[in-house]
Amino acid sequence: MSSAPLNPAPPASDFIREIVAQDNASGKFAGRVITRFPPEPNGYLHIGHAKSICLNFGLAQENAGRCHLRFDDTNPAKEDQEYVDSIMEDVRWLGFDWGEHLYYASDYFQRLYDWAVLLTGAGLAYVCDLSADQISRMRGSLTQPGTPSPHRDRPVQENLDLLERMRNGEFPDGARTLRAKIDMASPNLNLRDPVMYRIAHAEHHRTGSQWCIYPMYDWAHGQSDWIEGVTHSICTLEFENHRPLYNWFVDNIAKLGGAPANVSYRPQQSEFARLNLTYTVLSKRRLLELVKGGHVNGWDDPRMPTLSAFRRRGYTPEAIGQFARSVGVTKFDSVIDVSRLENALRDDMNRRAPRRMGVLDPLKLVIDNYPEGQSEELDAINNPEDPAAGTRKIPFSRVLYIEQDDFREIPPPKYHRLAPGQEVRLRYAFFVRCTTIVKDDQGVITEVHCTYDPATRGGDSPDGRKVKGTIHWVSAAHAVQAEVRLYDHLFNKQDPNDVPEGQSYLANLNPHSLVVAADARLEPSLKEAAAGERFQFERHGYFCVDSRDSRPLRPVFNRTVSLKDTWSKMEKKKPAS
RNA sequence: UGGGGAUUGGUGUAACGGUAGCACAGCAGACUCUGGAUCUGCUUGUCUAGGUUCGAAUCCUAGAUCCCCAGCCA
């Protein structure tokens, strides 16, 4: 593939970049810009994460700062090393580098515990013996204040003792929690004595059995940012209500003299709207269901919106980055049309992808006046958008394959392709005129016969004769046989979650999201295409060699995205009679 | 219902008291050895009602609608 440089899109400004610029101007963080991307390793990264990754790493790059990769691994029940590995691979694939700044919330377990002791000793946290169910019932409602736990005023010494025993494993899962003592009547439910620690005798993928109490996300997140000196802590809208809690934790720890050394400021959280895409689900829970339920073939099934799936399908990181930048950053909960993403890929690939000819649904074309047993080589341009990509030779002979779609016995109006008596150009080859057709017993066309004009070699007519259509072809004897997988949206509704009461979003699964062209014939140069290599099949779309199922000399291609097809659009609108 | 956010064409996004712009989608046309690419042109918008102002998408007041929060998930 040629390496035509992409114009790096000028990073459009947005409200977060404005905040950073203001902070730089005011000296709020002494000119520092430290961000972080904080995934929980409990699933694969998807296109929505790409938006966050591009924002956080982009901000750091633009401001000569840095961006940390931190795994928020506070819940051992859901997390796994497999996810850690995939997340690092995906972030790198997008082109970002966290350098030495790889962190884990689990690295901070001891410090968090020490801080918990500090707050407890100051009477700002207590051990609560209530069950999850009781806590829930006593939290109150949106309009009713909560009722205090009977253990809320437990003496400090007793709390300290109980906390230590929790940590030492003296109590079973769920028996006790450590809670922050804030305000059971707060209109912000997050401030109604939130749980800081729960007991879970679970094996953690990094700390093993070292701990049997695990910090809640809310108790870990703000301090993790603080410890790392994060200046701008960027997250999604649903955490807006949590900001006062993070600030409460950090401020009180600071007041008690517990601030980390060398950190003189508190991270400032800003919230933006997460990405939503039409015809796509992006919740981790849903994606897990699709995988576990066998609705797709794994996390990297090319129909999935995960980054690993986009990679396998043939998306370039540049296209995804361009898309992520183009959607902007706002607080408005919007839904982006997937065509924007597809468009970003087309844009990128149009400049870079070598062109090839491939017949997905073959129909035999016999050139009656071309000598049997003869063949010749013709020149084809590799990429009309990139002269440096040069040309290649393609073999031509008497028997070819063309696309079923490119022949009609009875052509509809404005059909520019092959039909009885019609003349078309075979791309980079000759003009041919259809003379006769051969049908089998069922009346199915098995062969199309034509004559060619030797004077039009290369595709130009010396007499200036014009032809309406140009179709692609491959030489039957030289073609490589391949499987080509044609992907479409996984769901057939713009909003997959739009289902009648009681029905599952799975009812909106598109049964035609994968159509296999099992007997495609491709030009011979594709025989040795390497896994992951990308091409444009002329008049079809962009394709990528599948890295999982391809075999030597028997490649499998994934269609990344089709070319814009105005003819099929016309036909759909006004079905030909 | 308490609290926190939000609202600009079909979908997104800009305009920071001074001509409502851009992208995608749609429509029409030009060009073309990919019905691709490219290039033209067109349609469609400031949630509502009041107010301030020479002038309001922007400021004020009231209302409407949508999203988030009652996990020992993140």
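Since this is a predicted model, take the numbers as computed values, not measurements. Lettering of chains follows the sequences in order, A, B, ..., and the numbering in each one begins at 1.
- The C1' atoms of B/G17 and B/U53 are separated by 9 Å, rounded to the nearest whole Å.
- At the heavy-atom level, A/Leu142 lies under 4.0 Å from base atoms of the strands shown.
- Between B/G26 and B/A6, the distance separating the two P atoms is 33 Å to the nearest Å.
- A/Thr330 comes within contact range of the sugar-phosphate backbone alone, with a heavy-atom separation under 4.0 Å but no base atom that close.
- Remark: A/Arg355 is not positioned above the aromatic ring of A/Phe537, lacking an NZ or CZ atom under 6.0 angstrom from the ring centre and at most 45 degrees off the axis.
- Within the 4.0 angstrom heavy-atom criterion, only backbone atoms of the sugar-phosphate kind lie near A/Thr566; the bases stay farther away.
- Distance check on atom P: B/U34 versus B/C27 gives 22 Å, rounded to whole Å.
- The nucleotide B/G2 finds its pairing partner in B/C69, both defining distances of the Watson-Crick or G-U wobble pair being shorter than 3.5 Å.
- At the heavy-atom level, A/Lys414 lies under 4.0 Å from base atoms of the strands shown.
- Aromatic ring centres of A/His221 and A/His242 lie farther apart than the 6.0 Å criterion allows.
- A/Glu271 comes within 4.0 angstrom of nothing in the nucleic acid, heavy atoms only.
- The base of B/G35 sits with one of its N or O atoms less than 3.5 Å from a complementary donor or acceptor on the side chain of A/Arg417.
- Residue A/Thr278 is out of contact with every strand shown, counting any heavy-atom pair closer than 4.0 Å.
- Among B/C67, B/U34, B/A25, the nucleotide with an atom closest to any side-chain atom of A/Asp333 is B/C67.
- Between A/Lys393 and A/Asp379, at least one side-chain N (NZ, or NE/NH1/NH2) sits under 4.0 Å from a carboxylate O, which counts as a salt bridge.
- A/Gly328 comes within 4.0 angstrom of no nucleic acid atom, judged by non-hydrogen atoms across all strands.
- Using the Watson-Crick or G-U wobble rule with both distances under 3.5 Å, B/G41 pairs with B/C27.
- A salt bridge does not link A/Arg340 to A/Asp337: none of the charged side-chain nitrogens sits closer than 4.0 Å to a carboxylate oxygen.
- Using C1' as the reference atom, B/G4 and B/A70 are 14 Å apart when rounded to the nearest Å.
- Cation-pi geometry between A/Arg70 and A/Tyr103 is not met: the NZ or CZ atom fails to fall both under 6.0 Å from the ring centre and inside 45° of the normal.
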Q: For A/Asn42 and A/Glu40, run side chain to side chain donor-acceptor pair (under 3.5 Å): C-alpha distance rounded to whole Å, both residues' side-chain angles, the deciding distance at 0.1 Å, then the answer.
A: CA-CA 6 Å; A/Asn42 70 342; A/Glu40 184 193 14; 2.7 Å; yes

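- A/Glu79 contributes no side-chain N or O that forms a donor-acceptor pair with the base of B/C73 under 3.5 Å.
- A donor and an acceptor atom sit less than 3.5 Å apart, one in the side chain of A/Glu385 and one in the base of B/G36.
- Between the P atoms of B/A64 and B/U48, the separation comes to 15 Å (whole Å).
- Look at B/G63: its Watson-Crick or wobble partner, with both distances under 3.5 angstrom, is B/C47.
- Salt-bridge formation is not detected for the pair A/Asp183/A/Arg192: no Lys NZ or Arg NE/NH1/NH2 atom is positioned less than 4.0 Å from an Asp or Glu carboxylate oxygen.
- Backbone-only contact: A/Asp72 has heavy atoms under 4.0 Å from sugar-phosphate atoms and none from a base.
- Residue A/Arg274 places no side-chain N or O under 4.0 Å from the OP1 or OP2 atom of B/C67.
- Residue-to-nucleotide proximity on RNA chain B shows that, of A/His416 and A/Asp14, the 5′-proximal contact is made by A/Asp14.
- Looking at heavy-atom distances under 4.0 Å, A/His221 makes no contact with the nucleic acid at all.
- At a threshold of 4.0 angstrom between heavy atoms, the contacts of A/Ile135 include nucleobase atoms, whether or not backbone atoms are also involved.
- At a threshold of 4.0 angstrom between heavy atoms, the contacts of A/Gln134 with the nucleic acid are absent.
- Residue contacts for A/Val335: at a heavy-atom cut-off of 4.0 Å it reaches the sugar-phosphate backbone alone, with no base atom in range.
- Contacts of A/Leu130 with the nucleic acid, taken as non-hydrogen atoms under 4.0 Å apart, include base atoms.
- Remark on RNA chain B: of its neighbouring residues A/Pro39 and A/Arg243, the 5'-side contact belongs to A/Arg243, judged by nearest-heavy-atom nucleotide.
- At a threshold of 4.0 angstrom between heavy atoms, the contacts of A/Arg139 are confined to the sugar-phosphate backbone, with no base atom among them.
- A donor-acceptor contact under 3.5 Å is formed by the side chain of A/Arg355 with the base of B/U34.
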